[in-house]
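Note sheet for the following structure.
Each residue takes its place number in the sequence, starting with 1.
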Amino acid sequence: MIVSRATYDPDVPTYRLTIEYDGSRYRGWQEQKNAHTVAGELRQAIEALAPGRVELAGSGRTDAGVHALAQVAHLRSQQTLDRSFIIELNARLPADIHVLQVDPAGERFHARHSAVARSYVYQISRRRTAFAKRFVWWVNQPLDISEMRAAAVRLVGKRDFAAFCERPEEQSSTLVVVESAEIAEAGSLILVRLVASHFLWKMVRRVVGTLVRVGTGEITRGQFELLLAAGDASLVGPDPARFTAPPSGLFLERVVYPGELGLAALAPPVPVPTEVAAAVD
């Protein structure tokens with residue numbers, strides 16, 4: 001069974017797990033009663049191989065339908081997690097969840113509390129795609145990338161993102177330090193990467209959805225900047241809740257811990273080539 005950190009023996013070895021998953025079929029990462037979740041699947045597979053008490057916790061929640069390239073979790077268990085254990089663990093997991101790596105960690109390592117930054121990548125497709133629909137948001141309107149980039153620059157720094165958070169009143173604080181905001185083009189895709197100390201519930205999807213409205217001209221860059229400055233959508237008009245991007249295009253790219261190197265160049269998690277018209281005889 002899974003137990004909390006508070007009741008668990010601190011002498012039990014700690015491991016760091018790196019996991020990738022397609023979140024399309026799941027109600028998010030976090031275990032929930034009567035819900036199909038990534039952590040729930042992982043827990044069941046671990047318990048089948050490591051009887052006894054274990055502690056499992058992730059670096060943070062991903063919402064229903066959101067994917068991960070490298071989610072991090074810590075696992076505390078008396079079971080030795082060697083290569084054969086990982087092979088057997090992956091054999092028991094569904095095909096859309098895969099443990100990439102397991103490393104011994106210090107006893108003080110905590111997947112969430114030890115992290116210093118998280119990065120998310122969002123994929124916007126400029127064309128309809130038959131093969132990648134689970135991993136993109138198809139925006140069937142022209143987008144002004146230069147306007148989106150100019151707006152995204154304003155995200156960097158310490159700001160109150162209450163306007164971009166679902167149920168902000170439940171947060172201990174809605175202040176977030178955004179380290180970088182990057183927009184790139186790759187084939188038919190527009191990629192948005194946000195790096196921050198942490199993220200609020202639905203914050204990335206609402207930021208991306210609002211940036212897309214800047215790109216379509218539905219709202220101005222000035223309105224976007226006012227929204228950021230005000231921290232309250234009711235003060236300036238545009239409502240990020242109404243602009244929330246779908247979960248399909250969102251990937252937890254990486255969780256960063258002290259002493260680790262920076263991010264790699266921004267690249268599509270699931271590439272979508274530029275559409276080529278069929279030849280006509």
Side-chain angles (χ1 to χ4, degrees), residues 1-33 35-121 196-199 201 204 247 250-260 263 269:
M1 65 179 172
I2 300 294
V3 298
S4 70
R5 180 184 176 94
T7 60
Y8 199 68
D9 185 348
D11 296 328
V12 172
T14 301
Y15 296 91
R16 170 174 164 174
L17 281 63
T18 305
I19 310 122
E20 65 179 8
Y21 51 84
D22 171 354
S24 303
R25 298 192 306 123
Y26 301 97
R27 294 296 300 169
W29 160 266
Q30 189 73 16
E31 289 186 74
Q32 303 172 46
K33 190 174 182 179
H36 192 44
T37 69
V38 177
E41 290 289 340
L42 186 60
R43 175 186 60 78
Q44 290 181 33
I46 290 171
E47 286 188 337
L49 297 172
R53 298 191 304 168
V54 298
E55 177 189 328
L56 176 70
S59 65
R61 301 182 180 187
T62 52
D63 294 341
V66 175
H67 321 292
L69 301 178
Q71 169 71 285
V72 174
H74 70 253
L75 171 65
R76 307 190 203 280
S77 171
Q78 292 285 9
Q79 178 74 35
T80 299
L81 271 63
D82 55 16
R83 180 172 174 77
S84 62
F85 179 91
I86 302 309
I87 292 172
E88 182 64 24
L89 177 60
N90 278 324
R92 290 176 176 270
L93 288 169
D96 49 10
I97 303 174
H98 183 74
V99 177
L100 293 165
Q101 190 171 335
V102 176
D103 299 293
E107 65 177 32
R108 295 182 179 276
F109 176 77
H110 189 286
R112 180 164 65 90
H113 299 314
S114 300
V116 295
R118 284 92 172 159
S119 67
Y120 277 88
V121 173
S197 57
H198 67 289
F199 290 93
W201 188 19
V204 178
L250 184 57
F251 294 77
L252 172 59
E253 180 188 26
R254 187 173 163 197
V255 185
V256 182
Y257 294 90
E260 294 185 343
L263 298 170

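- Considering all non-hydrogen atoms of both residues, T80 and F85 come closest at O-CB, 4.0 Å.
- For the residue pair W201/D63, the side-chain donor-acceptor check at 3.5 Å is satisfied.
- Contact of the Y120 side chain with the F251 side chain is not registered, since no non-hydrogen atoms from C-beta on lie closer than 4.5 Å.
- With contacts defined as side-chain heavy-atom distances shorter than 4.5 Å, the pair F109/Y15 does not qualify.
- Side-chain polar atoms of E20 and H67 form no donor-acceptor pair below 3.5 angstrom.
- Nearest heavy atoms, R76 versus E107: NH1-O, 3.4 Å.
- Qualifying side-chain contact (heavy atoms from CB on, under 4.5 Å) partners for A35, counting only residues two or more places apart in sequence or in other chains: R27, Q32, T37.
- Between the side chains of T62 and Y26, not a single donor N or O lies within less than 3.5 Å of an accepting N or O.
- Between S119 and L252 the shortest heavy-atom distance is O-CD1, 3.6 Å.
- Under the 4.5 Å side-chain criterion, counting only non-hydrogen atoms from C-beta, Q78 is in contact with P13.
- Rounded to the nearest 0.5 angstrom, E31 CD and R61 CZ are separated by 11.0 Å.
- When the side chain to side chain donor-acceptor pair (under 3.5 Å) test is applied to R16, the partners found at least two apart in sequence or on another chain are E260.
- Scanning for side chain to side chain donor-acceptor pair (under 3.5 Å) contacts around Q101 gives D103, with sequence neighbours left out.
- Inspection of the Q71 and S59 side chains reveals an N or O donor paired with an N or O acceptor under 3.5 Å.
- With sequence neighbours left out, R112 forms a salt bridge (charged side-chain N to carboxylate O under 4.0 Å, His left out) with no residue at all.
- Side-chain contact check for L89 versus I46: some heavy-atom pair is nearer than 4.5 Å.
- Between the CZ atom in R43 and the CG atom in L75 there is a gap of 12.5 Å [rounded to 0.5 Å].
- Annotation for V99 and N90: closest pair N-OD1, 2.8 Å, computed over non-hydrogen atoms.
- In this structure, L17 and L81 approach most closely via the heavy-atom pair CD1-CD2, 4.4 Å.
- Of all the heavy atoms in A50 and S77, the pair that sits closest is CB-OG, 3.9 Å.
- The closest side-chain heavy-atom distance from H36 to R25 is below 4.5 Å.
- Contact check for E253 versus L263: side-chain heavy atoms found under the 4.5 Å cut-off.
- Residues passing the side chain to side chain donor-acceptor pair (under 3.5 Å) test with Q30: none are found, sequence neighbours excluded.
- Contact annotation: the side chain of I19 never approaches that of L100 to less than 4.5 Å [non-hydrogen atoms, C-beta and beyond].
- When the side-chain contact (heavy atoms from CB on, under 4.5 Å) test is applied to R92, the partners found at least two apart in sequence or on another chain are A45, A48, L49, E88.
- At least one side-chain heavy atom of V72 sits less than 4.5 Å from a side-chain heavy atom of Y257.
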>> One pair to check against side chain to side chain contact (heavy atoms under 4.5 Å, CB included): V204 and F199. What are the steps and the verdict?
In response: CA-CA 7 Å; V204 178; F199 290 93; 3.4 Å; yes
